[in-house]
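I have placed the structure first, in the form of structure tokens, so that the comments after it can refer back to it.
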Amino acid sequence: MLSDIDRILIDRDAIADRIEQLAERLVLDLSAEADEGRLVVMPVMTGSLFFTADLVRLLPLTFRIQPTTVKSYPGKSTQSQGIVESALLPETIKGASVLVVDDILDSGRTLDHLQTSLLQAGAKEVRFCVLLRKDVRRAVEIDCDYVGFDIPEAFVVGYGLDFDGLYRNLPDIAVLRKHVVG
Ligand code: IMP
Ligand code: MG
């Protein structure tokens, strides 16, 4: 229910502006890889659905989009509990320069897990682009090449981010009321 929303943390216009800035940098940084035909953009589903859709349409480069799934938040939990599920990586990763796109960097486990699997699958290099980076003590330190916004520790939803599968469709990024997340 929308009454579960406490406040908007980042509105849709701020998100759009920031994505334009990120895209400008990505174009500069990834043109060579794209020209060589080895750029793969890898959205981590489902949270980065809208972020990826908005971002890649601002990249006039040649690349493949290869989504993956990594799950670390079973059901109504708001705390990362380690990786519970991960998709198999395809052959096309071999020799690729992979730009992993995720909604939010929290404990770091998701991106750490992906980095290991991608390198094992033969990726040449792995970069990370996250829309949000939470200000928390991370279980695993992750060097993020591209960060949309640094945010304080809070459970956020909207623009792809969910709580128990809900609220992904909110156009802004919002903080849920305390009673909802428990
Ligand atoms: P990490 O593995 O702990 O870094 O968590 C990353 C994943 O947890 C993200 O891809 C999100 O799917 C989910 N996540 C972490 N924090 C939040 C949040 O505040 N709201 C919604 N999902 C979150
Ligand atoms: Mg995720």
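Since this is a predicted model, take the numbers as computed values, not measurements. All ligand and atom numbering here is 1-based and tracks the order in the structure.
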- [ ] With heavy atoms under 4.0 Å as the rule, classify the contact between Lys134 and ligand 1 as side chain, backbone, both or neither.
- [x] side chain
TODO: Could you see which bit of Asp103 sits under 4.0 Å from ligand 1, with heavy atoms only: side chain, backbone, both or neither?
DONE: side chain
Task: Contact (N/O only, under 3.5 Å) between Val157 and ligand 1 - done: no
- [ ] Using a strict cut-off of 4.0 Å, indicate which atoms of ligand 1 neighbour a heavy atom of Ser107.
- [x] 1 (P), 2 (O), 3 (O), 4 (O)
- [ ] Test Ile104 against every option in Leu161, Val130, Ile173 by the side chain to side chain contact (heavy atoms under 4.5 Å, CB included) rule and name the one that passes.
- [x] Leu161
Open item on the list: Below 4.0 Å from ligand 1: does a non-hydrogen atom of Val44 turn up there or not?
Closed with: no
Open item on the list: Holding to salt bridge (charged side-chain N to carboxylate O under 4.0 Å, His left out), I want the full list of residues that pass it with Asp112, two or more places apart in sequence or in another chain.
Closed with: none
TODO: Identify, by atom number and element, the atoms of ligand 1 in contact range of Leu161, meaning under 4.0 Å from any of its heavy atoms.
DONE: 20 (N), 21 (C), 22 (N)
Open item on the list: I need the Ile15 CD1 to Phe149 CZ distance, nearest 0.5 Å.
Closed with: 6.5 Å
Task: Approximate separation, where rounding is to 0.5 Å, of Ser31 OG and Leu59 CG - done: 9.5 Å
Open item on the list: As an exercise, identify every atom of ligand 1 less than 4.0 angstrom from a heavy atom of Ala154.
Closed with: 19 (O)
Open item on the list: Salt bridge or not between Asp4 and Arg177? Use side-chain N to carboxylate O under 4.0 Å.
Closed with: no
Open item on the list: Closer than 3.5 angstrom, by distance alone: can the side chain of Asp172 be matched with the main-chain N or O of Ala174 as a donor-acceptor pair?
Closed with: no
Open item on the list: Parallel, tilted or perpendicular, judged at 30° and 60°: which one describes the rings of Phe50 and Tyr159?
Closed with: tilted
Task: Which segment of Ile104 sits under 4.0 Å of ligand 1 when only heavy atoms are counted - done: both
- [ ] List in chain and number order the residues that pass side chain to side chain donor-acceptor pair (under 3.5 Å) with Glu20, two or more places apart in sequence or in another chain; answer none if no residue qualifies.
- [x] none
Open item on the list: Any atom of ligand 1 sitting under 4.0 Å from a heavy atom of Gly108?
Closed with: yes
Task: Leu105 N/O under 3.5 Å from ligand 1 N/O - done: no
- [ ] May I ask you to list the atoms of ligand 1 that are less than 4.0 angstrom from any heavy atom of Thr110?
- [x] 1 (P), 2 (O), 5 (O), 6 (C), 7 (C)
- [ ] Determine whether the side chain, the backbone, both or neither of Asp102 has a heavy atom under 4.0 Å from any heavy atom of ligand 1.
- [x] side chain
